[in-house]
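A quick write-up on the structure given underneath.
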Amino acid sequence: MADVTKFSESVQAGYNFKGEHFKIGRAMLDGNVVEGADVFIPFKTLNRHGLIAGATGTGKTKTLQVLAEGLSDASIPVVLMDIKGDLSGIGAAGVANEKINARSQQLGINFQPAAYPVEFLTLSNEKGTRMRATVSEFGPILLSKILDLNDTQGGLVSMIFKYCDDNQLPLVDLKDFIKVLQFVSNEGKAELEKDYGKIATSSTGTILRKVIELQQQGADLFFGERSFDVDDLMRISDDGRGMISIVRVTDLQDRPKLFSTFMLQLLAELYASSPEAGDMDKPKLVLFIDEAHLIFKEASDALLNQIETIVKLIRSKGIGIYFCTQNPMDVPASVLSQLGLKVQHALRAFTAADRKVIKQTAENYPESDFYKTDELLTQVGIGEALITLLNEKGVPTPLVHCMLRAPQSRMDVLSDAELGSIVAGSKIASHYNEVIDSQSAYEILTQKLQEAAARQQETIKQKEAAKSQRDDKGFFDNPIVKSVARTAGNTIVRSLLGAIGISSSSRRRKKSWF
């Protein structure tokens with residue numbers, strides 16, 4: 001009993017926050033919920049990022065849902081990357097049942113079913129508001145990192161962007177970039193080399209292949225107009241709750257390159273467009289990335305470095321990023337070290353490799369006087385998790401085994417009709433779903449090349465016409481024939497005059513009489 005008292009006092013001391021906070025559940029000891037040992041999450045430190053990890057079926061998605069609800073209720077906008085397609089239910093009210101009521105009673109929580117304000121976003125042709133970005137918005141550095149180019153190739157990309165800026169050639173979509181790349185490799189090579197420097201044909205070929213590889217993963221759907229304004233991710237609903245933007249990316253599971261491209265651009269745009277915020281009482285935006293291993297899968301070192309840099313710096317803008325994945329080891333150590341809140345669901349130990357991962361995972365958490373962390377990781381029940389976070393002073397809180405509250409929204413997906421109804425009522429869908437194909441680099445260069453080809457064709461026609469005109473002249477119109485005819489005529493005349501006794505000299509003398 002003394003241990004329970006000591007444990008309860010430890011939890012209360014570690015999770016007692018002055019600022020605004022959210023109750024996520026109650027701590028457990030020896031499998032039992034300890035009354036009074038409430039676990040709170042302070043909003044002030046939620047820009048320090050976080051991790052939600054655990055094996056399949058242990059409740060990660062529901063934890064994500066609970067956190068999103070708490071943030072929305074506190075007027076904090078949320079973005080959810082819905083990879084599996086199971087987060088749409090947050091837009092409908094949940095239904096109380098016996099298990100939920102029993103859990104709520106154990107946690108001292110009044111369960112109130114509620115639907116939350118949601119906006120469905122998409123990168124493809126699924127139902128929702130289209131998210132796009134232009135190639136120009138990526139810029140040469142970010143695009144080079146996405147394409148995994150070396151310094152020489154990256155320099156050529158920068159040269160192309162400079163050329164397009166100087167010549168008013170907007171780079172909107174990938175066909176624009178490809179057209180310019182082909183132009184500077186052929187017709188425009190001399191022009192570009194004169195003003196910007198030597199171009200290696202091998203570099204242009206490599207860049208073209210990399211762009212085509214990106215296209216094969218469906219990037220053409222993402223690049224284009226109208227580009228999405230990230231300020232629309234930070235909206236507050238009419239009832240004062242934070243808008244929950246659910247990005248439907250279920251069709252990107254087998255296209256990690258495109259998913260990485262989208263995520264990196266989104267993070268870079270959020271960072272670039274958000275002013276420094278300093279210490280805030282609560283974040284301006286929290287982003288949850290489900291199945292986060294897809295970002296890091298097949299990612300180049302340059303891309304990983306860029307993500308690490310943004311994660312380090314973006315918290316000063318008041319934005320928090322939360323990675324949700326099965327295995328904490330899916331997240332690179334350099335990124336993992338930046339994550340303040342850790343919610344660890346159960347892990348499974350089926351193999352020796354699994355046991356090794358569990359041991360490594362346990363070492364990432366604070367030492368505890370009440371738990372054997374490596375053993376507990378395999379015994380945590382569904383809807384339970386090990387939690388530690390940073391307090392208001394930036395110090396890690398004690399590790400607790402926590403029973404989590406149930407989501408107040410639906411723990412299931414919306415029907416097509418329900419989803420369609422929400423999309424139809426969107427305030428921004430009609431704006432972003434309008435298809436725009438403005439005149440850009442592709443159209444301008446195509447017209448330029450067509451005009452050049454037309455001029456060349458006209459020149460060829462003129463030359464052929466002149467040649468044809470010469471060929472069509474009569475035999476006696478030929479200058480050589482005319483010269484021969486004149487010579488022959490003169491000879492005949494002289495012969496005739498000689499026959500009648502008039503010599504050339506007499507003709508000349510007669511002419512002199514006058």
Side-chain angles (χ1 to χ4, degrees), residues 68 72 77-83 85 87-88 90-91 116-139 142-143 146 170-177 214-215 217-238 241-252 255 258-274 284-290 319 414 416-443:
S72 178
V78 178
V79 177
L80 305 178
M81 295 294 150
D82 190 4
I83 296 289
L87 290 172
S88 63
I90 201 167
Y116 284 78
V118 297
E119 182 75 52
F120 290 104
L121 309 174
T122 177
L123 299 181
S124 60
N125 294 318
E126 292 187 2
K127 290 180 181 178
T129 301
R130 286 292 301 274
M131 299 184 76
R132 299 183 185 89
T134 65
V135 174
S136 293
E137 288 170 335
F138 262 68
L142 193 56
L143 187 62
I146 289 296
L171 292 172
V172 175
D173 49 28
L174 288 181
K175 76 175 189 295
D176 289 326
F177 185 75
L214 194 60
Q215 282 185 307
Q217 291 205 18
D220 283 323
L221 289 171
F222 174 58
F223 287 96
E225 291 183 316
R226 175 177 287 127
S227 58
F228 190 84
D229 188 347
V230 293
D231 286 343
D232 283 323
L233 297 176
M234 302 184 185
R235 292 181 297 144
I236 303 298
S237 67
D238 294 338
R241 292 182 293 177
M243 185 66 72
I244 300 177
S245 300
I246 301 176
V247 185
R248 306 178 67 207
V249 285
T250 55
D251 52 350
L252 298 189
R255 292 183 281 177
L258 180 56
F259 187 66
S260 297
T261 298
F262 163 69
M263 282 307 309
L264 187 54
Q265 191 275 337
L266 178 62
L267 294 176
E269 184 70 15
L270 282 169
Y271 177 75
S273 62
S274 301
K284 294 188 296 185
L285 178 72
V286 175
L287 175 67
F288 291 91
I289 305 171
D290 198 7
I319 297 173
L414 298 182
D416 286 342
E418 290 173 320
L419 196 149
S421 176
I422 292 176
V423 172
S426 169
K427 295 181 178 180
I428 63 173
S430 59
H431 175 70
Y432 289 112
N433 289 354
E434 181 184 359
V435 178
I436 299 176
D437 190 12
S438 57
Q439 189 179 45
S440 53
Y442 179 85
E443 288 79 12

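Inter-residue side-chain proximity for Val79 and Met81 is flagged as met; some heavy-atom pair is nearer than 4.5 Å. No side-chain heavy atom of Asp220 sits less than 4.5 Å from a side-chain heavy atom of Asp173. The side-chain heavy atoms of Leu121 and Leu233, taken from C-beta on, include a pair separated by under 4.5 Å. Looking at Pro77 and Ile236, their side chains come closer than 4.5 Å, going by heavy atoms from C-beta outward. No side-chain heavy atom of Asp176 sits less than 4.5 Å from a side-chain heavy atom of Phe223. Side-chain contact check for Val118 versus Leu80: every heavy-atom pair is 4.5 Å or farther apart. Contact annotation: the side chain of Leu287 approaches that of Met263 to within less than 4.5 Å [non-hydrogen atoms, C-beta and beyond]. Ile319 is not listed as a side-chain neighbour of Tyr271, based on a closest heavy-atom distance of 4.5 Å or more.
Heavy-atom minimum distance, Gln265 versus Leu142: CA-CD2, 4.1 Å.
For the atom pair CG of Asp229 and CE of Met131, the computed distance is 10.0 Å after rounding to the nearest 0.5 Å. Between the CG atom of Asp82 and the CD1 atom of Ile90 there is a distance of 10.0 Å, given to the nearest 0.5 Å. Between Phe262 atom CZ and Leu221 atom CG the span is 13.0 Å, to the nearest 0.5 Å. Interatomic distance, OG1 of Thr129 versus CD1 of Ile428, reported as 4.5 Å (0.5 Å rounding). Rounded to the nearest 0.5 Å, atoms CZ (Phe120) and CG (Leu87) are 9.5 Å apart. Of the inter-residue distances, the one linking Leu414 atom CG with Ile246 atom CD1 reads 7.5 Å to the nearest 0.5 angstrom.
Ser136 places a side-chain N or O within donor-acceptor distance of the main-chain N or O of Leu171, the cut-off being under 3.5 Å. Side chain of Ser72 to main chain of Gly242: a donor-acceptor pair is present (N/O by atom type, distance under 3.5 Å, no hydrogens or angles). Panel note: side chain Ser227, backbone Thr134; no donor-acceptor pair is recorded below 3.5 Å. A donor-acceptor pair under 3.5 Å links the side-chain atoms of Asn433 to the main chain of Gly128, judged by distance alone.
With sequence neighbours left out, the side-chain hydrogen bond (donor to acceptor under 3.5 Å, both in side chains) criterion links Asp290 to Lys84. Ser426 is linked by a side-chain hydrogen bond (donor to acceptor under 3.5 Å, both in side chains) to Glu119, counting only residues two or more places apart in sequence or in another chain. With sequence neighbours excluded, no residue forms a side-chain hydrogen bond (donor to acceptor under 3.5 Å, both in side chains) with Ser273. Take Ser274 and apply the side-chain hydrogen bond (donor to acceptor under 3.5 Å, both in side chains) test, not counting sequence neighbours, and it matches no residue.
Residue pairs meeting the salt bridge (Lys or Arg N to Asp or Glu O under 4.0 Å) criterion with at least one partner in residues 416-434, sequence neighbours excluded, are Arg226-Glu434, Asp238-Lys427, Arg410-Glu418. Counting only residues at least two apart or on different chains, the salt bridge (Lys or Arg N to Asp or Glu O under 4.0 Å) pairs with a member in residues 124-134 are Glu126-Arg248.
Relative orientation of the Phe138 and Phe222 rings is perpendicular, given thresholds of 30° and 60° on the angle between their planes.
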